[in-house]
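In what follows, a single structure is set out as structure tokens and then discussed.
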Amino acid sequence: MSTPRPVKLNETEIATALSKLPDWRLQGGKLHREYKFADFVAAFGFMTGAALVAQALDHHPEWFNVWNTVRVDLATHDAGGVTALDLKLAHSMEELAGRQPRAEK
Ligand code: H2B
């Protein structure tokens, strides 16, 4: 049996979900966050963990890494917008990021 297609969320649903993801915002129709880690090893450690979660979900991030910085955009291409899968990946990323040393502010 195939998994059901994720349903695109409307702006109200996204706003409600973002209240539980305070460092994320909607940008260009995608969930966006920038992480700053202590160094490249911490950033790549985060990305490695996130890659395994993404593969298990069959749901993959758009991201950009330079040294300690990882910029993430999450959207569901098949649905043409943000779905519950993006929220799930965002929450997993928050947990994974919490395990890595962060940049000093
Ligand atoms: N990731 C994201 N972010 N959106 C998708 O629509 C998507 C994906 N589709 N990962 C998956 C893979 C699909 O292409 C495969 C065939 O399941």
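Atoms within a ligand are numbered from 1 in the order they appear, just like the ligands themselves. Start at 1 with the first residue, then count along the sequence. A quick note: this is a predicted structure, and the numbers were derived from the prediction, not measured.
In this structure, atom 17 (O) of ligand 1 lies nearest to the protein heavy atom D58 OD2, 2.3 Å. Regarding atom 10 (N) of ligand 1, its nearest protein heavy-atom neighbour is H60 ND1, 2.8 Å. Of all protein heavy atoms, the one lying nearest to atom 5 (C) of ligand 1 is H77 N, 3.5 Å. Looking only at protein heavy atoms, the nearest one to atom 7 (C) of ligand 1 is D78 OD2, 4.1 Å.
T76 places no side-chain N or O within donor-acceptor distance of the main-chain N or O of D78, the cut-off being under 3.5 Å. Of the possible donor and acceptor atoms, one in the side chain of E13 sits under 3.5 Å from a partner among the backbone N and O of N10. The closest donor-acceptor contact from the side chain of D73 to the backbone of K30 lies at 3.5 Å or more, if one exists at all.
The proximity of A75 to ligand 1, defined as any non-hydrogen pair under 4.0 Å, is limited to the backbone.
A cation-pi contact, defined as under 6.0 Å to the ring centre and within 45° of the axis, is absent between R71 and F64.
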Begin with the C-alpha distance, continue with both residues' side-chain angles, and end with the deciding distance and a verdict on side chain to side chain contact (heavy atoms under 4.5 Å, CB included) for V72 and M93.
CA-CA 10 Å; V72 182; M93 285 182 162; 3.7 Å; yes
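In this structure, atom 2 (C) of ligand 1 is in close contact with the protein, since a protein heavy atom lies within 4.0 Å of it.
For the pair D86 and ligand 1, the shortest N or O to N or O distance does not fall below 3.5 Å.
Within ligand 1, counting atoms from 1 as listed, the ones closer than 4.0 Å to a heavy atom of T76 are 4 (N), 6 (O).
In this structure, the ring of F37 has its center less than 6.0 angstrom from the ring center of Y35.
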